[in-house]
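Below is one structure; the comments refer to it alone.
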Amino acid sequence: MQFDVVIVGAGHGGAQVAVMLRTQKFTGTIAIIGEEPELPYERPPLSKEYFAGEKEFERIQLRPAKYWDEREVAMLLGRRVVSVDPAAHIVTTDGGETIGYGKLVWATGGAPRMLPVPGGDLPGVQGVRTRADADAMKAASETAKQIVVIGGGYIGLEAAAVLTKAGKKVVLLEAQDRVLARVAGEDLSRFYEREHREHGVDLRLGVCVEAIEGDDHVTGVRLSDGEVIAADLVIVGIGIVPAIEPLVAAGADCANGVRVDPLCKTSLTDVYAIGDCAAHANEFAEGAEIRLESVQNANDQANVVAKGIVGDEAPYHAIPWFWSNQYDLKLQTAGLSTGHDQAVLRGDPATRNFSVVYLKAGKVIAIDCVNRAKDYVQGRMIVTAGLRATAEQLADTETPLKALLPA
Ligand SMILES: Cc1cc2nc3c(=O)[nH]c(=O)nc-3n(C[C@H](O)[C@H](O)[C@H](O)COP(=O)(O)OP(=O)(O)OC[C@H]3O[C@@H](n4cnc5c(N)ncnc54)[C@H](O)[C@@H]3O)c2cc1C
């Protein structure tokens with residue numbers, strides 16, 4: 001088998017590369033190799049509507065099967081790429097197939113990071129990344145009496161919200177002294193902590209998990225102070241490990257992810273990398289090398305690659321954005337708040353309708369909006385513009401954010 005473009009990973013980024021190549025009238029052959037058996041689907045609903053049983057799987061597929069057939073995108077599913085020969089331009093799958101490429105796009109995301117503690121791999125301990133994970137989590141939660149969620153990031157909080165709404169007893173454990181510590185400021189963390197507690201989640205902060213207990217199935221979670229919390233299902237949401245081993249073995253420059261340049265090219269000739277597995281210098285992080293785990297980043301980097309392949313090269317330059325749904329709260333974020341030195345509240349969290357604007361050295365770098373779509377839309381504009389404004393101006397809910405932009 002030989003294709004002009006081989007995409008490894010049938011997720012958000014991989015699918016979008018193929019979509020954009022065909023949109024750009026690319027007439028060469030394209031194959032997507034994916035480890036999961038499914039056609040590309042949306043991952044965010046796995047901890048939201050799909051997990052809650054509000055959306056069927058068919059409704060979260062990115063495109064129907066017909067779309068890929070009509071555009072002649074070969075879907076080589078249920079196969080894992082285990083090695084890359086960059087000199088010969090060949091990848092090999094776990095079934096021993098060799099597939100030749102003209103250009104290779106590595107879009108493999110990552111595997112859920114699991115707890116490196118005794119019992120961390122017991123049955124009943126569940127990470128959340130794939131449809132199979134969400135199905136297993138859903139099935140186990142139906143009979144579970146008490147569920148422990150480890151990790152107060154977006155995925156853990158979303159899972160806790162779905163389970164609590166379904167009437168389950170949930171204990172959520174977070175090692176830091178606040179939830180969302182990696183991605184948001186303290187106002188937002190405290191708001192979500194209150195919400196979860198009011199909805200009945202037993203939220204514990206600053207706790208350290210020492211072991212998962214059980215013989216052939218999880219029965220509890222032991223904390224460093226000796227307390228054992230009973231559990232018949234443990235959901236782990238503590239981040240991912242980028243799936244890059246074959247590229248590391250092939251000699252690609254890698255750090256926390258595969259290193260890519262602004263055109264998403266790796267250090268290997270004709271090999272690109274995008275999405276959750278790609279470490280890139282992001283201008284909204286002041287050029288720091290980061291991996292962004294978001295649909296926005298996967299899609300926008302996919303577009304950079306597809307355009308580059310058809311000869312329309314333009315560097316990656318997209319404002320990061322993200323969303324999270326918990327209970328009836330819609331959080332929308334733009335920019336990256338890491339490193340902020342000032343956080344301005346816009347509106348009152350008690351009304352469940354407010355924003356937090358983040359500044360660094362007087363410049364707006366990010367905004368988090370809760371049930372406040374207008375602020376989000378206009379917030380993207382002020383973050384993109386790198387607006388300089390006072391806390392007083394930003395806090396004034398009578399003034400639309402876009403009115404602060406120079407005419
Ligand atoms: C539960 C959950 C909720 C989320 N919620 C949000 C949200 O609300 N908003 C948001 O912006 N983002 C959210 N995200 C993150 C978002 O889904 C990811 O950032 C996005 O999927 C990244 O796309 P990707 O193409 O890099 O990787 P993925 O979509 O993960 O696709 C990678 C694919 O590659 C496959 N693969 C891996 N290794 C190999 C190999 N060697 N050979 C072949 N195939 C391989 C994997 O099986 C997978 O199917 C969420 C993620 C999860 C898991």
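If you read the sequence from its start, that first residue is 1, and numbering goes on from there. All ligand and atom numbering here is 1-based and tracks the order in the structure. What you are looking at is a predicted structure, and each value in this text was computed from that prediction instead of being measured.
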Quiz item: Heavy atoms only: which of Arg80, Glu293, Arg131, Glu36 is nearest to atom 46 (C) of ligand 1?
Solution: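 Considering heavy atoms of Arg80, Glu293, Arg131, Glu36, the nearest to atom 46 (C) of ligand 1 sits in Glu36.
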Consider every N or O of [X] and every N or O of ligand 1, then say whether any pair is closer than 3.5 Å.
X	answer
Arg129	yes
Ser294	yes
Gly13	yes
Ser324	no
Arg43	yes
Lys48	yes
Glu158	no

Side chain, backbone, both or neither: which part of [X] comes within less than 4.0 Å of ligand 1 when only heavy atoms are counted?
X	result
Tyr154	neither
Ala298	side chain
Ile33	backbone
Glu42	neither
Ile155	side chain

So, [X] and [Y], do they make that salt bridge, N to O below 4.0 Å?
X	Y	answer
Glu97	Arg79	yes
Lys265	Glu313	yes
Arg129	Asp276	yes

Practice problem: Evaluate whether atom NZ of Lys402 has more than 12 neighbouring non-hydrogen atoms of other residues, nucleotides or ligands under 6.0 angstrom away. | Solution: no
Quiz item: Are the aromatic rings of Tyr50 and Tyr41 close, with centres under 6.0 Å apart?
Solution: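 So the answer is no for these two rings.
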Quiz prompt | Sequence-distant partners of Asp253, salt bridge (Lys or Arg N to Asp or Glu O under 4.0 Å), two or more places apart | solution =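 By the salt bridge (Lys or Arg N to Asp or Glu O under 4.0 Å) rule, Asp253 matches Arg259.
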Exercise. Under the side-chain contact (heavy atoms from CB on, under 4.5 Å) rule, what do Val84 and Trp106 come out as? Steps first, then yes or no, please.
Key: CA-CA 10 Å; Val84 177; Trp106 198 259; 3.8 Å; yes
Exercise. Kindly assign one of parallel, tilted or perpendicular to the pair His199 and Tyr327, based on the angle between their ring planes and the thresholds 30° and 60°.
Key: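 Geometry flag for Tyr327 against His199: parallel rings.
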Exercise. Quick one: which residue pairs count as a salt bridge (Lys or Arg N to Asp or Glu O under 4.0 Å) with a foot in residues 178-196, not counting sequence neighbours?
Key: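 Output for this query lists Glu186-Arg190, Arg190-Glu193, Glu195-Arg352.
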